Amino acid sequence: MNSQRLVFGVLGAGMALCGALAAAPAAVAADHGVSATASGLPSYEQWQADVRKVMDPAIPYLNDRVARGGKKLAIVLDIDNTSLETEYHRGAPNKPVLAFAKAAADKGVSVLVATARKESGRSGALSDLRKAGYPAITEICLKKNESHAVDVKIRCRKEFVSEGYTLIANVGNRPGDLEYKNYERGFKLPDYDGQLS
Ligand SMILES: [Mg+2]
């Protein structure tokens with residue numbers, strides 16, 4: 001009798017715990033993108049407003065720059081929290097950057113990607129971008145043996161330049177994405193002091 005009651009007691013507590021765990025992600029998800037997030041990041045709307053502030057001049061610049069000509073014109077994109085809304089809506093396109101990439105591709109400008117995602121994730125990264133609606137990626141360059149993301153980005157852009165590309169724009173959200181200026185114009189999206197990777 002006692003042991004039976006104990007079993008039901010444990011089961012009951014377990015079910016209550018499961019219920020609490022199941023409810024938790026929904027509460028977080030509902031909060032995501034509406035107000036300040038649990039991590040202290042700005043709301044989704046604030047982030048998008050900050051992104052648009054940076055990207056609004058990008059397409060007019062692209063149009064002007066393409067009209068001036070050059071060989072193998074290309075733009076360079078970071079993936080996480082730049083091309084994709086990784087922190088806010090995993091897998092979804094960051095629309096102002098998507099619009100820029102589409103405009104570039106429409107004008108025959110190569111779309112290059114430099115990411116600190118690992119080389120082993122190459123096909124997954126390309127698939128993520130394709131699913132998010134990105135135009136064909138001309139080249140993607142990923143992390144090899146580097147300890148720091150900034151070293152990946154610099155190596156990747158040096159490789160692109162050595163292949164003859166003229167990097168007319170470089171879009172990233174971490175300061176390291178923009179270090180070593182072998183590109184013409186940088187578009188630095190917010191990272192809120194390193195909170196967005
Ligand atoms: Mg990033």
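Both ligands and their constituent atoms are indexed starting at 1 by order of listing. Worth saying up front: this structure is predicted, and the values here are computed from it rather than measured.
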Can a side-chain donor-acceptor contact be found between E85 and N81 if the only test is distance below 3.5 angstrom?
no
Would you say D128 and Y134 are linked by a side-chain donor-acceptor pair, where the criterion is simply a distance under 3.5 Å?
no
What protein N/O/S atoms are there under 2.8 Å from the Mg ion (ligand 1), waters excluded?
D78 OD2, D80 O, N173 OD1, S197 O
Please tabulate, one pair per line, all N/O donor-acceptor pairs under 3.5 Å involving side-chain atoms of residues 104-112, not counting sequence neighbours.
none

Side chains of Y88 and Q48: donor-acceptor distance under 3.5 Å anywhere?
no
Parallel, tilted or perpendicular: which fits the ring planes of H89 and Y44, with parallel below 30° and perpendicular above 60°?
perpendicular
Determine yes or no for a side-chain-to-main-chain donor-acceptor pair under 3.5 angstrom, with S83 supplying the side chain and D78 the backbone.
yes
